[in-house]
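Worksheet for the structure shown next.
Numbers restart at 1 for each chain; the letters A, B, ... are given by sequence-line order, proteins then strands. As the structure is a prediction and not an experimental result, all values here were calculated from the model.
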Number of protein chains: 2
Amino acid sequence: MELNMFQEHARLFKALSHPTRLHLIGLIRDRNPCVKVLEEELGVAQPNISQHLSILRNLGIVEAKREGNQVCYRIKNPLVLKLLDAIS
Amino acid sequence: MELNMFQEHARLFKALSHPTRLHLIGLIRDRNPCVKVLEEELGVAQPNISQHLSILRNLGIVEAKREGNQVCYRIKNPLVLKLLDAIS
DNA sequence: TTAGTATATTCAAACATTCGAATATATTAA
DNA sequence: TTAATATATTCGAATGTTTGAATATACTAA
């Protein structure tokens with residue numbers, strides 16, 4: 001197993017190592033929601049949600065699509081779903 | 001999905017979010033090695049290895065068994081193996 | 001007992017993450 | 001245009017993680 005593999009996997013696990021991000025991923029998986037919906041569901045301040053979404057975007061875990069006034073999110077890397085299914 | 005579930009899963013993912021710990025888990029899975037062997041394989045200082053093993057022990061991911069002079073490690077929570085298989 | 005080997009713990013400095021506050025940007029409606 | 005709504009970014013303080021250095025503990029051999 002390559003050393004860089006460990007780094008890459010560690011980065012992915014780190015992205016999943018915060019409860020808010022796991023909650024976000026769960027909602028995004030189910031409904032491809034826009035940020036407003038995520039904000040209401042989580043009861044977390046909007047800038048904080050955007051910060052967490054930014055982390056997930058930068059790792060290629062989710063992707064954003066603007067739809068008029070709002071931005072909707074969906075899962076980009078299905079590997080993440082495999083991991084979530086494996087853990088629950 | 002309960003809020004505490006996200007916390008619990010996040011804790012597990014955090015334990016897996018460091019390359020050294022992933023390397024350790026891989027070796028432990030294959031050979032149930034003692035710390036000396038882990039030290040040689042990883043080329044990382046012994047106290048640092050013990051620190052990472054302590055994190056994995058505290059989360060119930062691995063367990064230690066003293067064998068005379070040395071301490072051997074093995075996987076305790078097989079869920080971790082499911083995760084590692086899912087990611088690779 | 002003492003010396004040697006194997007492992008664990010403690011501490012502090014360096015570094016990274018998290019979050020609220022403030023602000024910026026994008027789009028729509030008036 | 002201006003105002004309103006939705007989302008993103010920046011910054012800094014608080015907090016958490018990582019690591020090397022020093023030290024402690026456990027066992028074995030002499």
Side-chain angles (χ1 to χ4, degrees), chain A residues 3-4 6-25 27-28 31-76, chain B residues 3-4 6-25 27-28 31-76:
Chain A
L3 282 187
N4 287 343
F6 294 127
Q7 287 194 32
E8 194 184 316
H9 291 173
R11 261 186 235 114
L12 183 49
F13 282 129
K14 182 167 288 183
L16 302 178
S17 74
H18 193 289
T20 297
R21 289 197 290 274
L22 292 181
H23 201 166
L24 284 171
I25 293 173
L27 291 170
I28 291 171
R31 337 191 199 156
N32 292 0
C34 67
V35 179
K36 200 81 195 113
V37 169
L38 294 171
E39 191 184 344
E40 286 160 10
E41 289 287 332
L42 292 196
V44 167
Q46 177 273 317
N48 193 7
I49 290 187
S50 268
Q51 288 160 350
H52 284 298
L53 287 172
S54 158
I55 289 170
L56 296 175
R57 263 190 344 259
N58 290 335
L59 271 154
I61 292 174
V62 302
E63 62 189 344
K65 191 187 178 196
R66 179 167 283 279
E67 297 189 2
N69 213 3
Q70 16 193 79
V71 176
C72 296
Y73 278 80
R74 58 188 182 212
I75 300 294
K76 186 178 184 187
Chain B
L3 283 185
N4 286 343
F6 294 126
Q7 288 196 31
E8 193 184 318
H9 291 172
R11 259 184 237 118
L12 183 49
F13 282 128
K14 181 166 290 184
L16 302 178
S17 74
H18 193 288
T20 298
R21 288 197 290 271
L22 291 180
H23 202 164
L24 284 171
I25 293 172
L27 292 170
I28 291 171
R31 337 190 199 157
N32 292 1
C34 66
V35 179
K36 200 78 195 121
V37 169
L38 294 170
E39 190 184 344
E40 286 160 10
E41 290 287 332
L42 292 195
V44 168
Q46 177 271 317
N48 193 6
I49 291 188
S50 268
Q51 288 159 351
H52 284 299
L53 288 173
S54 157
I55 290 170
L56 296 175
R57 258 188 350 253
N58 291 334
L59 272 154
I61 292 173
V62 302
E63 62 188 344
K65 189 186 178 199
R66 181 166 282 279
E67 297 189 0
N69 212 4
Q70 16 193 78
V71 175
C72 295
Y73 278 81
R74 57 188 184 212
I75 301 294
K76 186 178 183 187

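Between A:Glu67 atom CD and C:dT28 atom C1' there is a gap of 15 Å when expressed in whole angstrom units. A:Ile55 places its CD1 atom 12 Å from the P atom of D:dT9, with the value rounded to the nearest Å. Taking atom NZ of B:Lys65 as the reference point, atom P of D:dC27 lies 14 Å away to the nearest angstrom. Rounded to whole angstrom, the span from the CG atom of A:Leu53 across to the P atom of C:dT18 amounts to 14 Å. When rounded to the nearest whole Å, the span between CG of B:Asn58 and P of C:dA8 equals 12 Å. Distance, B:Leu16 CG to D:dT18 P: 12 Å, rounded to whole Å. Atoms CG (B:Leu38) and P (C:dT5) sit 20 Å apart, rounded to a whole Å. For the pair B:Ile49 CD1 and D:dG20 C1', the interatomic distance rounds to 14 Å; values are reported in whole Å.
Taking only side-chain atoms of A:Arg57, from C-beta outward, the nucleotide of D:dT9, D:dT18, D:dA26 with the closest atom is D:dT9. Distances were taken from every side-chain heavy atom of A:Arg21 (C-beta onward) to each of C:dT18, C:dT9, D:dT17; the shortest belongs to C:dT18. Listed nucleotides: D:dT18, C:dT9, D:dT9. Nearest to the side chain of B:His18: D:dT18. Ranking C:dT17, C:dT28, C:dT5 by closeness to the A:Asn69 side chain, first place goes to C:dT28. Nearest to the side chain of B:Pro47, among C:dT28, D:dA26, D:dA21, sits D:dA21.
Side-chain contact between A:Leu59 and A:Leu12 is absent, with no heavy-atom pair separated by less than 4.5 Å.
Residue-to-nucleotide contacts include a donor-acceptor pair under 3.5 Å from the side chain of A:Gln51 to the base of D:dT10. One cannot find a donor-acceptor pair under 3.5 Å joining the base of C:dG20 and the side-chain atoms of A:Gln46. Put simply, the side chain of B:Gln70 and the base of D:dT28 share no donor and acceptor less than 3.5 Å apart.
Residue B:His52 has a polar side-chain atom (N or O) positioned under 4.0 Å from OP1 or OP2 of D:dT19. Between A:Lys36 and D:dT7 there is no side-chain polar atom (N or O) within less than 4.0 angstrom of OP1 or OP2. Under 4.0 angstrom from either OP1 or OP2 of D:dA6 there lies no side-chain N or O belonging to A:Tyr73.
Exactly one of A:Arg21, A:Glu63, A:Lys76 qualifies for a side-chain contact (heavy atoms from CB on, under 4.5 Å) with A:Leu56. That residue is A:Arg21.
Using bins of under 30°, 30° to 60° and over 60° for the plane-to-plane angle, the ring pair B:His23/A:Phe6 lands in the parallel bin.
Between A:Ile25 atom CD1 and A:Leu16 atom CG the span is 5.0 Å, to the nearest 0.5 Å.
Heavy atoms of A:Glu39 sit nowhere under 4.0 angstrom from any nucleic acid atom.
For B:Glu39 and B:Lys36, the salt-bridge test passes: some basic side-chain N is under 4.0 Å from an acidic carboxylate O.
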